[in-house]
Amino acid sequence: MEDLPSLKESFLRESSSVRALHDIQALRVKYLGKRGIVTEKLKALPTVDPAQRPAYGRAVNEIKQYIEAEIARIEAHLREEEYRKSLLSEALDVTLPGKYTPPGREHPIQHVLSEITDIFSSMGFEVGEGPEVELDYYNFEALNIPKNHPARDMQDTFYISDDVVLRTHTSPVQIRVMEMRPPPLKVIAPGKVYRCDADVSHTPMFHQVEGFMVDTDIAFSDLKGVLELFIHTMFSERTPVRFRPSFFPFTEPSAEVDIGCIFCSGNGCRVCKQSGWLEILGAGMIHPKVFEYVGYDPETFSGFAFGMGVERLTMLKYGIDDIRLFFENDLRFLRQF
Amino acid sequence: MRVPFTWLKEFVEIGVSPGEVADRLTMAGFEVEGVDSVEGEAIFDVSVTPNRPDCLSVLGIAREVAAITQMPLVVPPCRISGSLPDAGFSVDILDPDLCNRYAGRVISGVTVGTSPEWMKKRLEQCGIRSINNVVDVTNYVLLEMGHPLHAFDADRLAGKKVRVGTPATVRGRNEPIAVRTLDGVERSVPPDALLIWDAEKPIAVAGVMGGQESEVTSGTRTVFLESAYFESSSIRRTSRGLGLISESSYRFERGTDIEFLERALDRAAGLIAELAGGTVHDIVDAYPVRYVSHRVVVRPERLNRILGTDLSRDEMADILRRLQIPAEGDGDEIVVLPPPNRRDLKQMWDIAEEVARIYGYEKISTTIPRSPLSSGRSGKGARIIQQIRESLRRAGFSAAINYSFMNSTSLDALGIPPTDRRRRTIAISNPLSQDEGLLRTTVVPALIANLRLNLDRGMREVRLFEVARVFIDAGKTLPDEEWRLGGIWYKEKAPSLWREDAEGFYLVKGAIEMLFEELNVRGYDFRPCSETFLHAGRSADVVVSGSCVGYIGVLAPRVVAGLEIKKHRPEIVLFEIDLDRFLPAVPDSMRFSPLPKFPSVERDIAVIVDEQIPSSRIREIIASFPTHLIETVTLFDCFRGGSIPPGKKSLAFNIVYRSMERTLTEGEVEDLHERLVEHVLELTSGEIRR
Ligand SMILES: [Zn+2]
């Protein structure tokens with residue numbers, strides 16, 4: 001019985017140096033195999049003194065169980081190690097970039113057009129359309145801008161013929177929609193417009209959004225309400241808005257709408273020409289002459305109309321300082337949006 | 001218009017700072033675009049809208065300031081003391097429709113010389129060059145009172161006669177006439193333009209510019225001073241026709257004050273006598289067409305409803321009177337008599353604007369209109385175009401926006417034949433340049449230009465798309481405007497981290513197919529196409545529901561060569577889709593199909609066929625095989641070389657068999673597949689690849 005502790009000791013010594021699965025196998029054979037040390041001890045049990053036999057048998061069995069458990073533990077540990085090693089041998093450099101087609105970008109003008117359209121859609125405005133090559137009648141006459149009227153100087157027009165022009169604003173959509181349908185109407189008309197003008201701050205083509213609403217009893221205060229709501233959604237709840245009198249042949253009263261300069265918070269800077277205000281919209285009550293052209297009774301109906309330049313809003317929104325960038329389609333520009 | 005603050009103060013008492021006045025003018029509709037300080041004096045730059053010619057003067061602005069600040073307007077009287085008889089000049093208006101009134105005074109014994117410093121300074125502040133004391137007075141009064149005047153050398157007027165009429169009226173001949181104007185240019189004046197004549201010849205283009213012959217010079221002793229009312233559209237027509245815009249024509253074409261012109265005449269005559277000496281003769285005044293004020297009746301209740309205000313009748317009338325517009329309350333109405341300087345006031349709405357702007361737009365409340373429910377939902381077309389944009393962006397294409405212009409050279413560069421629809425262009429009669437003389441009929445030239453610009457700026461990959469209208473002359477008054485989707489693709493063949501071995505053509509085709517899939521468009525097809533500017537072997541018509549809606553293809557090497565792109569044989573892929581034809585093929589709604597309940601069986605077929613047979617042909621053959629049990633056919637391999645003989649290729653398809661009613665047996669699929677393979681081999685003269 002005195003040899004048992006040294007048996008355990010020698011097992012511990014040998015098992016602690018096991019590094020691989022085949023070593024553990026050898027260890028198992030050495031101790032627990034058919035001729036293993038422990039097996040031999042058990043085989044030799046009948047030769048032990050009967051008085052000591054039960055205690056000796058228990059002690060050998062304890063050692064056997066201990067060695068079995070220890071070998072199983074070491075083996076599980078080694079298998080886990082081996083599995084990990086095999087995975088690491090398949091390792092990728094996870095810092096390499098993934099493969100994808102870089103997504104394309106929306107044009108900033110389109111971004112802002114969509115934003116404007118969404119805001120007015122949520123207020124119940126529907127989207128109307130008209131041609132970009134337009135009759136002089138719709139672009140001017142029916143909007144109360146007769147031939148030989150100084151108001152025509154306000155817009156440099158591209159002519160196709162005496163009676164056909166590239167629309168100088170989206171306002172003719174008003175006439176086309178009103179000719180087709182009776183009030184009530186709530187319509188916006190986004191689109192391209194053209195002016196015969198090209199310099200640092202003008203491009204011969206740009207985008208406008210026209211909007212109008214006609215019903216019985218639409219008041220100038222409603223125009224103020226709708227546009228203020230729009231501006232507060234488009235910019236911020238705290239953006240100051242002011243309406244000041246102006247002139248458009250197809251609205252009366254007419255207004256120019258300014259917002260507090262978003263660059264200097266109204267303190268005056270280069271962008272707002274030190275005024276603290278930025279002009280972003282033209283608006284007014286639809287002129288009764290316009291109603292007469294489309295056959296609405298100006299005594300029964302009233303309405304407002306407004307128009308805004310999308311390039312200007314986009315430049316303000318993103319801090320773009322050159323309008324010509326919009327139409328160069330330089331990807332270094334487009335990819336920023 | 002430039003307005004010196006001190007000059008303004010001659011007509012209205014101002015107790016506030018120039019900055020404050022500028023703000024209030026802006027908020028009343030006269031935007032002060034800037035306040036210059038010249039030698040310590042504030043000069044406003046006021047923007048006057050075309051409907052307010054009455055404010056194209058210091059006095060006009062003063063009238064507004066008086067109304068806004070509720071201070072009295074003071075216009076000093078200009079009496080001519082001890083005037084002589086009319087000096088024997090006569091005025092004869094031959095076209096009273098075009099000239100409602102013509103007044104004049106003769107000032108004799110003047111000495112033309114330089115103006116005093118105070119006058120020179122004011123003219124300079126307003127941007128006008130001093131000429132001599134007589135001419136300067138006419139300009140001074142123009143700036144001060146807004147009425148254009150003209151001074152003639154009276155000794156040069158033949159027969160002491162002044163006649164007003166068009167060449168057609170005066171000469172009875174419908175022919176233009178030559179007039180040498182003050183600027184020394186001899187101009188051919190059309191027969192319907194209004195001129196001023198003496199007994200013999202034209203001496204001025206009425207309201208636009210005087211003639212050189214009767215110009216006031218240092219030798220002038222007698223001046224004939226004109227103050228007239230010319231019909232605005234006639235002046236505008238003449239001024240545009242001659243390409244001649246002057247301070248006078250600018251005001252006449254907007255409208256002048258037919259009553260006040262006498263005051264302006266007197267003021268100027270008095271100033272000339274003061275500065276150049278001489279004696280003022282009595283007025284000669286022909287006034288055949290009198291001003292009649294057309295009264296406007298306003299119902300305050302209606303006006304309040306239009307403005308959303310709650311102003312009383314008297315408050316409204318008071319605002320109008322502050323603007324010197326005669327207005328009287330009468331029961332529940334206000335009767336307004338627009339004065340001759342306010343011909344823009346024609347109806348209630350015009351009065352509404354006057355009331356609103358002086359009351360203050362900022363004081364009008366903000367309300368949300370009560371209005372009928374409407375969804376504001378955009379139409380089908382707009383929604384699909386939105387989806388198209390998103391799909392193309394996912395495929396890596398960025399959105400471009402190009403001008404709608406092009407020139408015919410860019411169509412030539414593409415080799416577009418003369419009979420092609422894209423040659424039916426619309427020309428702009430006043431283009432900015434000949435390069436932008438036509439409206440585009442295709443988006444391709446612009447996209448190619450975008451590609452070049454990006455390559456020039458060092459980009460190695462370009463993917464752009466554009467959705468825009470093109471314009472086709474259909475022989476009607478207005479062109480057909482058609483929506484186009486176009487795209488361009490280029491990628492430099494350079495080493496990259498991850499290999500991409502598909503041809504550019506297939507990458508772009510994939511983007512189009514993904515777009516169709518996303519829109520649930522079925523039944524599309526790519527067929528060889530004949531666009532002249534595309535690579536004949538690498539281009540396809542895009543056919544949807546049996547009709548060709550566009551094309552996709554590699555830009556032909558010959559076209560590329562002409563573009564001077566500094567790349568070696570660049571592979572540029574283009575596509576263009578006619579959205580007006582394509583959109584109707586996009587289904588409005590989807591219907592659910594029940595999921596299969598029975599298992600499928602898969603079989604592959606690999607055939608070696610002639611290179612010329614397109615894969616779609618084999619697909620068609622399989623699709624036309626008489627069975628309902630084929631669920632899908634997928635091409636999974638296309639192989640050339642190796643054991644495949646030259647001129648041949650191997651195509652391998654995976655076929656999924658399935659019945660919706662029962663489980664297919666191995667035996668029946670085996671039999672069906674065997675017959676299908678036979679069928680394919682027979683129709684393609686191909687052989688099976690083992
Ligand atoms: Zn600012």
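Per chain, numbering begins at 1; letters A, B, ... match sequence-line order.
- When all heavy atoms are compared, the tightest approach of B/R469 to A/G130 is NH1-O, 2.9 Å.
- Ranked by non-hydrogen atom pairs under 4.5 Å with chain A, the options B/A356, B/G308, B/P431, B/A399 are led by B/A399.
- For the pair B/E481 (side chain) and A/E132 (backbone), a donor-acceptor distance under 3.5 Å is present.
- The CG atom of B/L478 sits 9.0 Å away from atom OH of A/Y138, with the distance rounded to the nearest 0.5 Å.
- The closest donor-acceptor contact from the side chain of B/S398 to the backbone of A/R105 lies under 3.5 Å.
- When heavy atoms are compared at a cutoff of 4.5 Å, B/N51 approaches chain A by way of both its backbone and its side chain.
- When heavy atoms are compared at a cutoff of 4.5 Å, A/K273 does not approach chain B at all.
- Neither the backbone nor the side chain of B/S47 comes within less than 4.5 Å of any heavy atom of chain A.
- Both the backbone and the side chain of B/A468 come within less than 4.5 Å of a heavy atom of chain A.
- Taking both residues in full, the closest heavy atoms of B/I401 and A/H207 are given as CG2-CE1, 3.8 Å, listed atom of the first, atom of the second, then distance.
- For a residue to count as touching a neighbouring chain, one of its non-hydrogen atoms must lie under 4.5 Å from one of that chain's; by this rule A/E106 touches chain B with backbone and side chain alike.
- For chain B, the option among A/V241, A/D330, A/V164, A/L166 with the highest count of heavy-atom pairs below 4.5 Å is A/D330.
- Contact annotation for B/L439: only side-chain heavy atoms (C-beta onward) come within less than 4.5 Å of a heavy atom of chain A.
- Only the side chain of B/L453 comes within less than 4.5 Å of a heavy atom of chain A; its backbone N, CA, C and O stay farther away.
- Options A/M285, A/Q274, A/R332, A/E129 differ in how many heavy-atom pairs under 4.5 Å they form with chain B, and the most are formed by A/R332.
- Between A/N329 and B/A400 the shortest heavy-atom distance is OD1-CA, 3.2 Å.
- B/E362 and A/R242 are not joined by a salt bridge, as no carboxylate oxygen comes within less than 4.0 angstrom of a charged side-chain nitrogen.
- Neither the backbone nor the side chain of A/P108 comes within less than 4.5 Å of any heavy atom of chain B.
- Residue with the most contacts toward chain B among A/G225, A/P103, A/S221: A/S221 (heavy-atom pairs, distance under 4.5 Å).
- No side-chain donor-acceptor contact under 3.5 Å links B/T49 to the backbone of A/F247.
- The backbone N or O of A/S254 sits less than 3.5 Å from a side-chain atom of B/E353, completing a donor-acceptor pair.
- In this structure, no portion of B/P53 lies under 4.5 Å from any heavy atom of chain A.
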Go through A/D217 and B/I306 one step at a time and tell me if the side chain to side chain contact (heavy atoms under 4.5 Å, CB included) criterion holds.
CA-CA 7 Å; A/D217 285 324; B/I306 284 169; over 6 Å; no
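- Only the backbone of A/D197 has a heavy atom closer than 4.5 Å to any heavy atom of chain B.
- B/V462 touches chain A through backbone and side chain together, each having a heavy atom under 4.5 Å away.
- Between B/F405 and A/F158, the distance separating the two ring centers is shorter than 6.0 angstrom.
- If you measure heavy-atom distances from B/I368 to chain A, the contacts under 4.5 Å come from both the backbone and the side chain.
- Interface remark: B/L307 contributes backbone and side-chain atoms alike to the contact with chain A (heavy atom separation under 4.5 Å).
- Note on A/E252 versus B/K346: no salt bridge recorded, every NZ/NE/NH1/NH2 to OD/OE distance being 4.0 Å or above.
- Using a 30° and 60° split on the angle between ring planes, A/F327 and B/Y403 fall in the tilted class, from 30° to 60°.
- Residue contact with chain B, scored on non-hydrogen atoms closer than 4.5 Å, involves the side chain of A/Y194 exclusively.
- Minimum heavy-atom separation, B/N402 to A/K192: O-NZ, 4.5 Å.
- Contact of B/R499 with chain A is made through the backbone alone, with heavy-atom distances under 4.5 Å.
- B/Y361 has its ring centre less than 6.0 Å from the ring centre of A/F220.
- Chain B forms more heavy-atom pairs under 4.5 Å with one residue of A/S302, A/P102, A/S246, A/P288 than with any other, namely A/P288.
- Atom CZ of B/R457 is surrounded by more than 12 heavy atoms from other residues, nucleotides or ligands within 6.0 Å.
- Most heavy-atom pairs under 4.5 Å with chain B: of the set A/I109, A/T157, A/V226, A/L135, this distinction falls to A/L135.
- Contact annotation for B/I364: both backbone and side-chain heavy atoms come within less than 4.5 Å of a heavy atom of chain A.
- Heavy atoms closer than 4.5 Å to chain B are found in both the backbone and the side chain of A/F243.
- Heavy atoms of B/A28 lying under 4.5 Å from chain A belong exclusively to its backbone.
- Within the 4.5 angstrom heavy-atom criterion, no atom of B/E33 approaches chain A.
- Remark: the backbone N or O of A/T251 is not paired with any side-chain donor or acceptor of B/W349 at under 3.5 angstrom.
- Listed options A/T101, A/I160, A/L227 were ranked by heavy-atom pairs under 4.5 angstrom with chain B; first place goes to A/I160.
- Both the backbone and the side chain of A/T216 come within less than 4.5 Å of a heavy atom in chain B.
- Of the two parts of A/I286, only the backbone, made up of N, CA, C and O, holds a non-hydrogen atom closer than 4.5 Å to a non-hydrogen atom of chain B.
- The part of B/I426 that comes within reach of chain A is its side chain, from C-beta onward, which places non-hydrogen atoms under 4.5 angstrom from that chain.
- Looking only at heavy-atom pairs under 4.5 Å with chain A, the residue among B/G29, B/A449, B/P369 that has the most is B/P369.
- B/N430 places no side-chain N or O within donor-acceptor distance of the main-chain N or O of A/C196, the cut-off being under 3.5 Å.
- Per-residue counts of heavy-atom pairs under 4.5 Å with chain A were compared for B/L497, B/N454, B/N450; the largest is that of B/N454.
- Heavy-atom pairs under 4.5 Å with chain A peak, among B/M459, B/R389, B/R302, B/R357, at B/R389.
- At least one side-chain heavy atom of B/Q347 sits under 4.5 Å from a side-chain heavy atom of A/H287.
- In terms of heavy atoms, A/P245 sits closest to B/M27 at CD-O, 2.9 Å.
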